[in-house]
Amino acid sequence: MNSFPPSENEVEIRYKKLDREAEEGGYHLNPDREFTKNLVKGLLVNEKRFGYLSCPCRMSWGNREEDRDIICPCDYRDPDLDQYNACYCALYVSDAVLQKKVLVSSIPERRPPRSERKAVAQQEPVPGTGKQLPFPVWRCRVCGYLCARETPPLVCPVCKATKDRFERFM
Ligand code: SF4
């Protein structure tokens with residue numbers, strides 16, 4: 001059972017877990033340990049408060065459906081890593097940052113406004129897609145991993161995002 005606020009020990013354990021999973025998936029946590037552990041602490045606080053790892057740098061609605069795109073790792077991590085060498089919070093950084101070839105600077109918010117997010121969520125799937133395939137294809141919204149099976153995996157084998165972060169691709 002996690003305590004509230006999270007203890008140093010809980011932060012350390014989660015930090016090590018996230019670090020191991022990041023490295024296994026080809027990602028890197030920010031090498032500034034104190035900075036990173038503060039973000040991990042924010043994630044744990046949100047997990048306790050909302051029941052999921054809502055981004056520690058963004059306002060949460062306290063509703064998983066509304067916040068699905070900002071459950072860490074969020075849908076915007078990879079494009080921000082590509083473009084800015086770090087995610088919005090700078091919890092995750094690129095190889096170039098790790099090797100001190102570039103510095104992290106401020107990262108603009110990529111998340112669309114709520115009205116746009118709702119409009120996209122209400123879009124109907126393209127008629128006829130997937131009908132000729134023996135299995136539907138699911139895409140991880142976080143890292144782009146694709147798999148063809150009846151249902152999405154419980155956890156993305158690449159980035160560890162949970163099942164509800166997958167969308168029907170074909
Ligand atoms: S990956 Fe996304 S949700 Fe996680 S800390 Fe970075 S910006 Fe926030």
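Note that these values count all heavy atoms, side chains included, but never hydrogens, waters or copies made by symmetry. All residue numbers refer to positions in the sequence shown, counting from 1. Atoms within a ligand are numbered from 1 in the order they appear, just like the ligands themselves. Keep in mind the model is a prediction, meaning the values are calculated, not measured.
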Report the C-alpha distance between Lys41 and Glu10 in whole Å, list the side-chain angles of each, state the deciding distance to 0.1 Å, and finish with yes or no for salt bridge (Lys or Arg N to Asp or Glu O under 4.0 Å). CA-CA 9 Å; Lys41 188 172 186 177; Glu10 285 170 332; over 6 Å; no
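Leu53 approaches Leu43 most closely through the heavy-atom pair CD2-O, 3.5 Å. Closest approach of Leu98 to Leu29, counting heavy atoms only: CD1-O, 4.2 Å.
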Distance-only donor-acceptor hits, side chain of residues 73-80, under 3.5 Å, sequence neighbours excluded:
residue : atom : partner : partner atom : Å
Asp75   : OD1  : Arg165  : NH2          : 2.8
Asp75   : OD2  : Arg141  : NE           : 2.9
Asp75   : OD2  : Arg141  : NH2          : 2.5
Tyr76   : OH   : Asp69   : OD2          : 2.4
Arg77   : NH2  : Tyr27   : OH           : 3.3
Asp78   : OD1  : Tyr27   : OH           : 3.4
Asp78   : OD2  : Tyr27   : OH           : 2.6
Asp80   : OD1  : Arg110  : NE           : 2.7
Asp80   : OD1  : Arg110  : NH2          : 3.0

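For atom 8 (Fe) of ligand 1, the tally of protein N/O/S atoms lying closer than 2.8 Å stands at 1.
Contacts of Tyr76 with ligand 1, taken as heavy-atom pairs under 4.0 Å, are absent altogether.
Interface atoms of ligand 1 facing Tyr92, defined by a heavy-atom separation under 4.0 Å, are 1 (S).
Ile71 places a side-chain heavy atom less than 4.5 Å from the side chain of Arg64.
Pairs of residues two or more places apart, or lying in two chains, never qualify as disulfide bond (SG atoms under 2.5 Å apart) while including a residue from residues 139-170. Sorted by first and then second residue, the disulfide bond (SG atoms under 2.5 Å apart) pairs involving residues 76-110 (not counting sequence neighbours) are Cys57-Cys89.
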